[in-house]
Amino acid sequence: MGTYYNGLGFRYLQDTKYYRDKPIKDDLGFLPPPPAAKSYFNVPKFQLPEPDLELSHSLWDCLKKRRSIRKYSSLPITSQELSNLVWATQGITERIGNHMRRTAPSAGALYPFETYLYLNNVEDFERGIYHLHVASFSLEQLKRGNFSEELAQAALGQQMVARAAVVFIWSAVPLRCMVKYRNRGIRYIFLDLGHVCQNLQLATTALGMGSCPIGAFFDDELNEILELDGIDETVVYMNPVGKL
Ligand SMILES: Cc1cc2nc3c(=O)[nH]c(=O)nc-3n(C[C@H](O)[C@H](O)[C@H](O)COP(=O)(O)O)c2cc1C
């Protein structure tokens with residue numbers, strides 16, 4: 001048990017607890033506030049259609065049916081369906097000044113993550129890797145081409161990634177929430193993305209599709225594919241989606 005108590009993960013949880021009578025240990029010094037969201041310039045940008053929010057699936061039904069599904073058919077996803085899935089994860093539901101409140105909660109409304117999409121089989125979209133520009137509900141095209149096998153290999157060979165019509169990949173941008181919450185902020189990245197991913201799973205259930213959260217991957221292989229430095233921004237979660 002000695003090693004367990006001294007391990008990195010255990011110490012992180014203990015050392016980032018709030019106490020009434022003492023502050024959290026903090027040797028971080030000044031942290032420069034980064035931009036609140038990422039934008040790519042000089043890349044093709046594609047507006048997503050408005051989401052169709054008239055679908056009549058009850059929340060209770062979706063909660064009951066939700067499962068992690070790892071086998072998908074080769075049917076394409078329509079751009080309307082893609083729009084609904086993206087909206088479920090990060091759709092803007094309220095604007096207050098510069099703040100954009102979304103379908104998923106985030107500690108301090110800081111949203112310390114970015115969403116990337118590998119569109120493998122989506123009608124009206126060229127196959128490739130895209131970044132979600134949340135404010136304009138549009139996709140920035142980063143790379144054209146077939147990355148199915150490369151992504152699956154980076155995800156420890158999990159073939160559901162290669163078979164999916166769309167793969168959601170989320171990165172963490174730690175500084176965005178560490179400026180406010182310091183070391184405790186790292187906790188909130190994972191909590192925030194849990195909400196985002198659950199929204200996606202419920203949305204795929206509502207649309208009769210399958211999806212599966214993935215936490216097992218070679219981080220820097222994914223970072224390399226997305227051209228992230230793996231330091232100020234690093235991949236933390238994925239979720240392939242496909243029709244049944
Ligand atoms: C954080 C997290 C990481 C996961 N990573 C993987 C993964 O890498 N591969 C996989 O096949 N399933 C993965 N899963 C799915 C779980 O295996 C699944 O949620 C669990 O077996 C319960 O099944 P259910 O989601 O159908 O209720 C992950 C789930 C979570 C929440």
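Whatever order the structure lists them in is the order used to number ligands and atoms, beginning at 1. Computed from a prediction, not measured in an experiment: that's the story for all the values here.
Looking only at distances, no side-chain donor or acceptor of Arg163 sits under 3.5 Å from a matching main-chain atom of Ser148. Judged by distance alone, with hydrogens and angles left aside, the side-chain atoms of Ser171 form no donor-acceptor pair with the main-chain N or O of Phe113 at under 3.5 Å.
Relative to the six-membered ring of Tyr18, Arg184 meets both conditions, a distance below 6.0 Å and an angle of at most 45° to the axis.
When only non-hydrogen protein atoms are considered, atom 11 (O) of ligand 1 lies nearest to Arg70 NE, 2.7 Å. Atom 31 (C) of ligand 1 has its closest protein heavy atom at Tyr237 OH, 3.5 Å.
Near Cys212, the atoms of ligand 1 lying under 4.0 angstrom from a non-hydrogen atom of the residue are 10 (C), 11 (O), 12 (N). Residue contact check: Arg66 has heavy atoms under 4.0 Å from atoms 24 (P), 25 (O), 27 (O) of ligand 1. The ligand atoms of ligand 1 that sit less than 4.0 angstrom from a heavy atom of Gln158 are 7 (C), 8 (O), 9 (N), 10 (C), 11 (O). If you number the atoms of ligand 1 from 1 as listed, the ones under 4.0 Å from a heavy atom of Met160 come out as 9 (N), 10 (C), 11 (O).
Taking all heavy atoms of Ser68, Pro240, Gly194 into account, the minimum distance to atom 18 (C) of ligand 1 is reached by Ser68. Within the set Gly215, Pro213, Ala216, the minimum heavy-atom distance to atom 14 (N) of ligand 1 is found for Pro213.
Gln141 pairs with exactly one of Glu126, His131, Lys45 by the side chain to side chain donor-acceptor pair (under 3.5 Å) rule, that one being Glu126.
Side chains of Arg67 and Lys65 form no contact here, defined as non-hydrogen atoms less than 4.5 Å apart. Val241 places a side-chain heavy atom less than 4.5 Å from the side chain of Leu85.
Using a 4.0 Å threshold on non-hydrogen atoms, atom 20 (C) of ligand 1 does not count as touching the protein.
Taking the ring centroids of Tyr116 and Tyr130, they lie at or beyond the 6.0 Å cut-off.
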